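Working notes for the structure below.
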Amino acid sequence: MLACATKHLRRNGTAHAQALHLVQSRRRQLLTLAIETSCDDTSVAVLEKRDNVSPLGHTYTFPSTCALHFHEKITANNSDYGGVHPIKSLESHQENLALLINRAISALPNAPNSNGDNPSDPSRTLTLYPPYQTPIHKLKPDFISVTRGPGMRSSLATGLDTAKGLSTAWQIPLLAVNHMQAHALTPRLVSALTSPPPLNPPFPFLTLLISGGHTLLLHSKSLTSHPLLATTTDIALGDCIDKIARHLLPPPLLSTTKGTMYGPLLERFAFPTSPPEYNYTAPTTRAQEIARITSERWGWSLVPPLAETRSGSKSRSMEFTFSGLESAVKRICEWKGKEMGEEERRELARESMRLAFEHLASRVGWALNNLEEKAEGVKTLVVSGGVASNGFLRHILHAFLTARGYPHLNLIFPPVDLCTDNAAMIAWTGMEMWEAGWESELSIRGLRKWSLDSENESGSGEGGILGVGGWKKRS
Ligand code: AMP
Ligand code: ZN
């Protein structure tokens, strides 16, 4: 961003160079170092945000307002456990977090007069002393961002305690954010990194969060208001996909992945050609959508989630369920055993993914319809979380919602590395919360559960981003 401006100003002579100096020294800038350790990923980021309007009143149209100076992630190797193991993950955070932070500190932007004897603003400077070299002055972050919850208690504590240590040592504020809010805000981070203002999407929008631990449909109304429209009553979609992959994929193929994230393997196995051949036609009626799928060739059938319940009453409820589908695939695999060839496995992989994704799409369609009836219509659906990177899911959502009367819905899928757990989204959420005037008390503890929904509080004190203690408003 600044490099771009520098090039432009160099071309236009000394007067411009002076102007650049003024802009560099006087444009307001925010810098945060962020830590994410809620599950099995240890991630650290350094994010900088600049105002696009100079104090002289000129608007500088830089391509973006944000720069990600550092972003790295290390995932615990949980492959021996068939799922995320809390102690294995904790050990991975303990081994890797400090190393990542060390690298992040080296990547902080240089302070003005970075190699001189004295930094121009010591209160905003960290000085590094590389062996046998002159000291380097780095810009000190304005605050530390960290995930407070939801997540595994011990994993959260590693990140939070380290963040408190940095905050007290550097004498800068702490901003402890909600991990799910961060997933929901990820497209706004992408917008800030790639385009000039305004941020896209503006509120309100729908957020579909589909990860290894969560399946949530949210009405993202504002920075801190994300009422829950639907959630899973059993396992998360990512968990369902990982289990289906374990039932269906040959063990040598499964062992090519470190960890338990089998979704990408299942997708590649189901659609081996490039480009993939989906051959998909969306159901146009609810009757088509809940019809049982029968494979004449292989002799098995699958029932769409919630299509058949004993009373029939649940078929239209605003909730997700995936464990029935997973058990059905497991039963078919056990029944067929070694007899089941690759072609049949591929078909079962495709059909089970199709049913899971159409189940999601049907609830999104109803939510759009309900909001429209209440004159609260939204124009954008943000799809985030690890499963959002699945190409078949993207194809189905688009085709299904078009067939149901939403051809103009703006579907946003953040890039894959920002869809899975990462510290850049924590840094961005820290920025947005900071700009709204919030910071965190140093006495806060991690929250294993932390609902995003302030409108349906359970009375357990867990409801809503601001519904938990530990926030303070800057004067
Ligand atoms: P997260 O919990 O957000 O880090 O996402 C991890 C989950 O996303 C795991 O369950 C993965 O198997 C799943 N996932 C990642 N990529 C894909 C993909 N291409 N297709 C389906 N699931 C995926
Ligand atoms: Zn997550």
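Read the numbers this way: they start at 1 and go in the same order the structure lists the ligands and their atoms. Predicted model only: the values in this text are computed from it and were never measured. Note that the numbering runs from 1 along the sequence shown for the chain.
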Original post:
What residues, two or more places apart in sequence or in another chain, satisfy ring pair (Phe, Tyr, Trp, His ring centres under 6.0 Å) together with F269?
Top reply: none
Distance to 0.1 Å, residue and atom name: give those for the protein heavy atom nearest to [atom].
atom	value
atom 4 (O) of ligand 1	D421 N, 3.6 Å
atom 19 (N) of ligand 1	E267 OE1, 2.8 Å
atom 2 (O) of ligand 1	G212 N, 2.8 Å
atom 5 (O) of ligand 1	G386 CA, 3.2 Å

**OP:** Report the residues that fulfil salt bridge (charged side-chain N to carboxylate O under 4.0 Å, His left out) with R268, sequence neighbours left out, ordered by chain and then residue number.
**Re:**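 Expected list: none.
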Any nitrogen or oxygen of [X], side chain or backbone, less than 3.5 Å from one on ligand 1?
X	value
G385	no
G213	no
N390	yes
D242	yes

Original post:
Which is closest to atom 9 (C) of ligand 1 by heavy-atom distance: H183, M261, M353?
Top reply: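 Answer by nearest heavy atom: M261.
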Original post:
Within H179, is some N, O or S atom less than 2.8 Å away from the Zn ion (ligand 2)?
Top reply: yes
Original post:
Is it true that the side chains of H93 and D40 contain a donor and an acceptor less than 3.5 Å apart?
Top reply: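 Side chains of H93 and D40: no pair found under 3.5 Å.
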**OP:** Measure from the Zn ion (ligand 2) to every N/O/S atom of D421 and report the name of the nearest one.
**Re:** OD1
Original post:
In H183, the N, O or S atom nearest to the Zn ion (ligand 2) is which?
Top reply: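 It is NE2 of H183.
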**OP:** Go through the steps for H395 and F357 under the test ring pair (Phe, Tyr, Trp, His ring centres under 6.0 Å), then give the verdict.
**Re:** CA-CA 10 Å; H395 185 81; F357 299 158; over 10 Å; no
Original post:
Which atoms of ligand 1 have any heavy atom of S211 under 4.0 Å away?
Top reply: 1 (P), 2 (O), 3 (O)
Original post:
Relative to the heavy atoms of Y262, which atoms of ligand 1 are at a distance of less than 4.0 Å?
Top reply: 12 (O)
Original post:
In terms of ring plane angle, is the pair F392 and F271 parallel, tilted or perpendicular, where the classes change at 30° and 60°?
Top reply: tilted
